[in-house]
Structures are given as structure tokens and as C-alpha cells.
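These notes concern the structure reproduced below.
For ligands, and for the atoms within them, numbers begin at 1 and follow the listed sequence.
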Amino acid sequence: MKITRAVLEMRAASRAARGKGQRLGLVPTMGALHEGHLALVRAAKSQCDVVAASIFVNPLQFGPSEDLSKYPRTFERDCERLEKEGVEFLFAPPVEEMYPGGARSYVNVEGLSEKLDGKSRPGHFRGVTTVVSKLFHIVEPDLAFFGQKDAAQVAIIRRMVRDLNIPAEIVVCPIVREPDGLAMSSRNAYLNGQQRKSALLLNRSLAHIRELFQRGERDGTALIAAGKHVLGEDPSVRLDYFEIVNPETLDPVAEIRQNSLVAVAAYVGTTRLIDNILLG
Ligand code: AMP
């Protein structure tokens with residue numbers, strides 16, 4: 001695996017691969033890799049000739065009081081895991097390489113970026129779409145792989161790619177969970193034993209909603225109330241949002257039909273966790 005920290009070097013490497021007619025896949029990450037990330041890598045390996053992963057903890061998507069400085073960093077181990085999966089290129093630029101002094105341009109998907117996580121994390125999605133569009137310009141992938149874990153991010157990136165005619169196909173992979181149902185996340189590393197148990201309520205509340213839906217409940221307000229009730233069983237879980245939305249527009253839906261996204265975000269201690277399911 002070739003590790004590159006420079007934009008021009010990464011672009012030259014990916015152009016060389018694509019110049020030989022190879023299909024190039026990109027898996028963007030912030031590192032602290034777990035099985036969820038590796039599932040994206042495996043999907044990329046199965047659909048592409050050459051795979052590039054990126055590790056970049058993007059300051060632009062963190063708010064001033066968020067966990068940028070303490071975000072878990074496990075670079076050596078990440079490299080070993082990516083190498084083992086057969087990744088050809090790892091792009092791991094320093095912050096100054098991605099944001100040279102004086103950078104003043106941003107990409108923002110208006111109307112979507114303020115919804116769900118964007119409501120409680122103002123500027124977060126602008127940071128995400130800015131860095132992902134930069135990665136797309138640097139790596140020029142044929143396919144790019146994202147996790148359904150970040151369902152709002154998926155909707156926003158799809159819209160960005162469509163609106164800006166970015167020639168990359170977006171592939172979305174299912175949420176990878178721990179055996180007990182907790183969605184894998186780099187931030188799970190922040191949880192102590194008790195919090196780790198409390199965190200299960202996110203998935204449980206979603207499972208409860210799915211069950212009610214399967215029994216015929218279609219009223220969004222009732223379903224959300226039932227989900228909130230499950231979360232409320234543990235006072236150490238503090239709700240951020242619980243919403244049922246159209247997975248493309250992220251607009252709330254009142255009467256649930258096919259393919260609605262149920263998304264939850266909650267704090268366990270100071271750790272903010274998210275999870276979601278698709279109904280129908
Ligand atoms: P992150 O490093 O958290 O920015 O995540 C990088 C990519 O991995 C994003 O596309 C995430 O949606 C995806 N991802 C993170 N956790 C999971 C998971 N548990 N299952 C599937 N994809 C995931």
C-alpha cells in the first residue's frame with residue numbers, strides 16, 4: 001500500500017491507475033477504523049480494480065465545542081488493516097495540505113445541510129461536503145463508498161454529486177453492528193462499560209419502531225413517541241433528535257409509507273451517537 005500525504009502525488013497515482021483503464025474506488029474515512037469502515041473497503045475491492053482509502057480528521061466538520069482534539073487516532077493500526085484488505089493507496093494528508101492558508105471556498109448543499117445532524121451541529125455538513133468534494137477532485141474516483149450509518153450525509157453527498165455533475169458513482173453500504181446491535185462507530189471508544197450498555201437503547205428504540213410499523217402502525221408521531229419512550233428508560237441517555245424523514249429530502253413524513261428513514265441521535269455522557277433504520 002502506497003501512503004501519500006501530498007495532493008499532487010495522490011492525483012498522479014490515481015490518474016496513472018485510471019489511465020491504464022482501471023476502475024478506481026475511494027473510501028473516505030476519519031481513521032480509527034473498525035469493521036464498518038472495512039466493510040466499505042471490501043465493497044470497494046469487490047467492485048473496483050484499484051482502491052484508495054483516505055484518512056483525514058477534517059477540522060471543518062467539527063464545531064468549536066466538539067471532539068476534534070480528542071478524536072481517536074490509531075494511524076499505525078489503520079494502515080495495517082487497510083494493507084491487509086488489499087488497499088492500494090492511502091491518502092492521509094496533514095491539515096495544511098488540505099486547507100492551505102487563505103482557503104475561503106466551501107461547498108454547501110442548501111436546504112439539506114441544516115436538517116437532522118445539521119440542526120444540532122451547525123456547519124457540520126458544510127465541512128463534510130467541502131472535504132468530500134475536495135477528495136473527489138484530488139482522487140477522481142469512478143466510485144465512492146459511504147456508510148448508511150450516516151444517512152443524512154448520504155443524502156447530502158448524493159445531492160451534491162447530482163447538483164455539481166461530479167462524475168463519481170456513490171455506493172452506500174449497510175450499517176455494520178456489534179453482535180448486540182450497537183452500530184459501530186469510532187466514537188464508541190469514548191464509552192465506559194455502563195455507557196456502552198446505555199448506548200444500546202438507540203438500536204432498541206429503532207427496533208421497537210420497526211416492530212410497531214410491522215404490526216401496522218403508520219402514524220409518524222406515534223412511532224416517534226414510542227421510540228422516545230424506549231430511550232427515556234435510561235436517564236443517562238439525552239435525546240438530540242428522533243425523526244422520521246424522506247431519505248432523499250430529509251423532510252419529516254407524517255404518514256409513513258414505503259422507505260422512510262427513522263433517524264436518532266442521542267448523547268450518552270458527553271458522547272454523541274447516531275443510528276437509523278429504513279422502514280418498508
Ligand atoms: P467516519 O470515519 O466516521 O467519517 O466514517 C467513514 C465512513 O464509514 C462513512 O461513510 C461512514 O458512514 C462509514 N461508517 C462508519 N461507521 C459505519 C458502520 N457502523 N457501518 C457502515 N459504515 C460505517
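In terms of heavy-atom proximity, Gly147 sits nearest to Val154 at O-CG2, 3.5 Å. Here the shortest heavy-atom pairing between Ser186 and Gly31 reads OG-O, 3.5 Å. Between Val87 and Ala53, the closest heavy-atom pair is CG1-N, 4.0 Å.
Backbone and side-chain nitrogen or oxygen atoms of Ile175 are examined, and none is located within less than 3.5 angstrom of a nitrogen or oxygen of ligand 1. The distance criterion of under 3.5 Å between nitrogen or oxygen atoms is not met by Phe146 with respect to ligand 1. Looking at Gly147 next to ligand 1, an N or O pair under 3.5 Å apart turns up.
Although no hydrogens or angles enter the test, the distance criterion places no donor-acceptor pair under 3.5 Å between the side chain of Gln47 and the main chain of Ala44. Here the side chain of Arg73 pairs a donor or acceptor atom with the backbone of Tyr71 at under 3.5 angstrom.
Using a 4.0 Å cut-off to heavy atoms of Leu40, the atoms of ligand 1 that qualify are 7 (C), 8 (O), 10 (O), 13 (C). Short contacts between ligand 1 and Lys149, defined as distances under 4.0 Å to a heavy atom of the residue, involve ligand atoms 16 (N), 17 (C), 18 (C), 23 (C). Close contacts between ligand 1 and His34 involve ligand atoms 15 (C), 16 (N), 17 (C) [criterion: under 4.0 Å to a heavy atom]. In summary, the atoms of ligand 1 found under 4.0 Å from a heavy atom of Thr29, numbered by their order in the structure, are 2 (O), 6 (C). If you number the atoms of ligand 1 from 1 as listed, the ones under 4.0 Å from a heavy atom of Asp150 come out as 11 (C), 12 (O). Counting atoms of ligand 1 from 1 in the listed order, those under 4.0 Å from a heavy atom of Met184 are 16 (N), 17 (C), 18 (C), 19 (N).
Judged as a salt bridge (Lys or Arg N to Asp or Glu O under 4.0 Å), the pairs with a partner in residues 182-204 (not counting sequence neighbours) are, in order, Asp67-Arg187, Asp180-Arg196.
For atom 9 (C) of ligand 1, the nearest non-hydrogen atom from the set Arg177, Met30, Gln153 belongs to Gln153. Considering only non-hydrogen atoms, atom 2 (O) of ligand 1 lies nearest to His37 out of His37, Gln61, Glu35.
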Using a 3.5 Å cut-off and no angle test, enumerate the donor-acceptor pairs between side-chain atoms of residues 97-104 and protein atoms at least two apart in sequence or in another chain.
unit_1: Glu97; atom_1: OE2; unit_2: Val7; atom_2: N; d: 2.7
unit_1: Tyr99; atom_1: OH; unit_2: Asn58; atom_2: OD1; d: 2.6

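The protein non-hydrogen atom at the shortest distance from atom 20 (N) of ligand 1 is Val176 N, 2.8 Å.
Residues Phe136 and Val107 fail the side-chain proximity criterion, which asks for heavy atoms closer than 4.5 Å. The closest side-chain heavy-atom distance from Glu88 to Gln22 is not below 4.5 Å.
Contact annotation: Pro28 has at least one heavy atom less than 4.0 Å from an atom of ligand 1.
Looking at Pro174 against ligand 1, only its backbone comes within 4.0 Å, counting heavy atoms.
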